[in-house]
Undergrad: 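Mind having a look at this structure? Questions to follow.
Order of appearance sets the numbers: ligands from 1, and atoms from 1 within every ligand.
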Amino acid sequence: MRAEALTHTGLIRPDNEDAFLVDVEKGVLAVADGMGGHQAGEVASFLALKALSERLKEGVANDPLAELQAAVRFANEIVYRSACLRPELSGMGTTLTVAWVVGSQAFLAHVGDSRAYLFRDGHLEALTCDHSYVGELVRSGGLSAEEARFHPQRNILTRALGTEADVIVDTRVVGLKTGDLLLLCTDGLLEVVKDEEIAEILTLNRELQKAVQSLVTLALERGGPDNITVVLGAYE
Ligand code: MN
């Protein structure tokens with residue numbers, strides 16, 4: 001696997017509370033979008049990825065999905081405990097979306113409203129469901145995907161990592177084919193760039209670095225209202 005990643009503060013926010021993890025050797029790709037006042041969001045996303053990386057560094061034993069799920073729950077515990085110990089971090093949390101490529105399969109774990117996509121044969125498919133108020137409205141048919149992008153309550157999460165003692169983790173396994181791309185990104189990209197535009201950029205930019213740069217640049221051209229993080233992995 002090859003991978004490229006880029007994160008940008010954007011043009012409005014004072015700090016970057018997003019973080020990413022790319023470990024090509026271990027096949028781990030992840031993004032996290034932290035939240036909480038006074039830099040607590042930065043701490044949450046950092047701690048979550050550090051904990052995840054520590055748990056996955058031994059490599060896979062026998063059951064990647066169970067091990068990944070345990071690693072995400074461990075990350076939850078680390079963020080939650082840190083928030084309980086330090087009053088200035090109280091209430092912090094983060095999204096966490098992970099793809100762990102083992103053999104010819106991608107094992108996915110997900111909490112929050114960042115996303116993972118599979119780009120195959122020119123077609124972009126979302127692999128995760130947003131754990132957000134508007135995401136649930138879209139799934140129940142009460143709101144279109146386009147309306148959700150501009151909804152005033154689009155930032156309300158229904159599930160986050162580190163805000164409670166334990167967390168329910170969505171998991172999924174995807175069989176990979178040569179040439180597949182795995183895209184992980186935070187809502188700072190999705191708020192201003194449509195899926196069709198992402199697909200077009202991935203089609204036009206065969207080099208990973210250029211594709212990642214183009215996605216971030218487009219989000220900035222659209223005002224960069226939030227931190228933007230993009231991780232792109234190619235299975236070969
Ligand atoms: Mn965000």
Undergrad: Take Val28 and Val22 through the side-chain contact (heavy atoms from CB on, under 4.5 Å) test and state the conclusion after the steps.
TA: CA-CA 6 Å; Val28 181; Val22 172; over 6 Å; no

Undergrad: Quick one: report the N, O or S atom of Asp33 that is nearest to the Mn ion (ligand 1).
TA: OD2

Undergrad: Ion pair present between Arg159 and Asp170, side-chain N to carboxylate O less than 4.0 angstrom?
TA: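 Salt bridge: yes.
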
Undergrad: Answer whether the closest heavy-atom distance between the side chains of Asp226 and Asp187 falls below 4.5 Å.
TA: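 With C-beta onward as the side chain, the pair touches.
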
Undergrad: Output yes when Glu146 and Arg154 qualify as a salt bridge under the 4.0 Å nitrogen-oxygen rule, no when they do not.
TA: no

Undergrad: Rounding to 10°, state the angle centred on the Mn ion (ligand 1) that links OD1 in Asp187 with OD2 in Asp226.
TA: 90°

Undergrad: Closer than 2.8 Å to the Mn ion (ligand 1): does that hold for any N, O or S atom in Glu17?
TA: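 No - counting backbone and side chain alike, Glu17 has no N, O or S atom under 2.8 Å.
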
